Amino acid sequence: MRRVSGNRESQEEPGELPPFAELVLELTERIPSGRVMTYGDVAEYLEEGGPRQVGRVMALYGGAVAWWRVVRADGALLPGHELRALERYRAEGTPLRSVRGRGPARGSAAAEDLPRVDLSRARWDGR
DNA sequence: AGCTTGACCGACC
DNA sequence: TGGTCGGCCAAGC
């Protein structure tokens with residue numbers, strides 16, 4: 001009980017999220033199926049923080065929400081979770097864009113040319 | 001208290 | 001089309 005000095009917010013209970021994180025996750029849950037927002041969009045919509053802060057929140061707590069509906073500005077899939085995300089997109093019907101004319105199987109160094117999210121169609125502005 | 005890093009972004013070449 | 005650079009904001013060391 002004796003709080004010797006004023007450390008108020010140092011004591012955070014695990015399970016309770018920082019306000020900003022909560023806003024990000026809440027907004028993420030609002031993104032309709034088949035649509036996406038960029039990290040920058042989320043930050044701009046919340047009028048707080050920046051893309052990188054949103055990215056941090058998703059990295060820490062994203063597992064609890066539809067993390068695949070928040071993408072980078074170029075529509076590239078998350079490194080390390082590309083296949084997982086791709087499955088979601090295909091299931092939700094998220095507009096995708098082939099990387100280039102589609103499957104140049106011959107000579108393609110990349111084992112798999114992963115598509116990207118077509119932001120021009122899938123971008124959701126919060127309305 | 002200062003430097004580095006990060007699920008980023010936009011401009012430039 | 002793709003790589004690099006600087007800027008941005010917060011957390012960690």
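By convention in this document, chain letters (A, B, ...) are assigned in the order of the sequence lines, proteins followed by strands, and residues within each chain are numbered from 1. Here the structure is a predicted model, which means the values were calculated and not measured.
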With rounding to whole Å, what would you report as the distance between B:dA1 and C:dC8 at their P atoms?
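The same atom, P, in both gives a distance of 23 Å.
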Can you tell me, in whole Å, how much space there is between the P of C:dC5 and that of B:dT4?
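Their P atoms lie roughly 16 Å apart.
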With a 4.5 Å limit on heavy-atom distance, are the side chains of A:Leu86 and A:Trp68 in contact?
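No; the side chains remain at least 4.5 Å from each other.
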Within the 4.5 Å heavy-atom criterion, are A:Trp67 and A:Arg84 side-chain neighbours or not?
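Yes, side chains in contact.
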Would you indicate whether A:Glu92, at its atom CD, is surrounded by more than 12 heavy atoms from other residues, nucleotides or ligands within a distance under 6.0 Å?
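Yes, CD of A:Glu92 has more than 12 neighbouring heavy atoms, counting only those of other groups under 6.0 Å.
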May I have the distance from [X] (atom [atom1]) to [N] (atom [atom2]), rounded to whole angstrom?
X       : N      : atom1 : atom2 : answer
A:Leu78 : B:dC8  : CG    : C1'   : 11 Å
A:Phe20 : C:dA11 : CZ    : P     : 10 Å
A:Tyr39 : C:dA10 : OH    : P     : 18 Å
A:Leu17 : C:dA11 : CG    : C1'   : 16 Å
A:Glu44 : B:dC8  : CD    : P     : 17 Å
A:Asp74 : C:dG2  : CG    : C1'   : 11 Å
A:Tyr61 : B:dA7  : OH    : P     : 14 Å
A:Met58 : B:dC9  : CE    : P     : 13 Å

Nearest of B:dA7, C:dA10, B:dC8 to any side-chain atom of A:Gln53?
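Looking only at side-chain atoms, A:Gln53 lies closest to C:dA10.
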Please confirm whether any donor atom in the side chain of A:Arg56 sits under 3.5 Å from an acceptor in the base of C:dA10, or the reverse.
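Answer is yes: a donor-acceptor pair is held.
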For A:Ala73, answer base if it contacts any base atom (sugar-phosphate contacts may also be present), sugar-phosphate if it contacts only those atoms, and nothing otherwise; contact means non-hydrogen atoms under 4.0 Å.
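Result for A:Ala73 = sugar-phosphate.
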Within the 4.0 Å heavy-atom criterion, would you say A:Arg84 contacts the bases, only the backbone, or no part of the nucleic acid?
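Result for A:Arg84 = nothing.
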Looking only at non-hydrogen atoms, find the nearest pair between A:Ala122 and A:Pro95 and report the distance.
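Looking at all heavy atoms of both residues, the shortest contact is CB-CD, 3.7 Å.
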Just name whichever nucleotide pairs with B:dC9, Watson-Crick or G-U, keeping both distances under 3.5 Å, else none.
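Answer to the pairing question: C:dG6, which forms a Watson-Crick or G-U pair with B:dC9.
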Any chance you could measure A:Ile31, atom CD1, to A:Leu27, atom CG, to the nearest 0.5 Å?
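A:Ile31 atom CD1 to A:Leu27 atom CG measures 5.5 Å (nearest 0.5 Å).
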Just to confirm, is there a sub-4.0 Å distance from OP1 or OP2 of C:dC8 to any side-chain nitrogen or oxygen of A:Arg52?
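It does not, given that no N or O in the side chain of A:Arg52 lies less than 4.0 Å from OP1 or OP2 of C:dC8.
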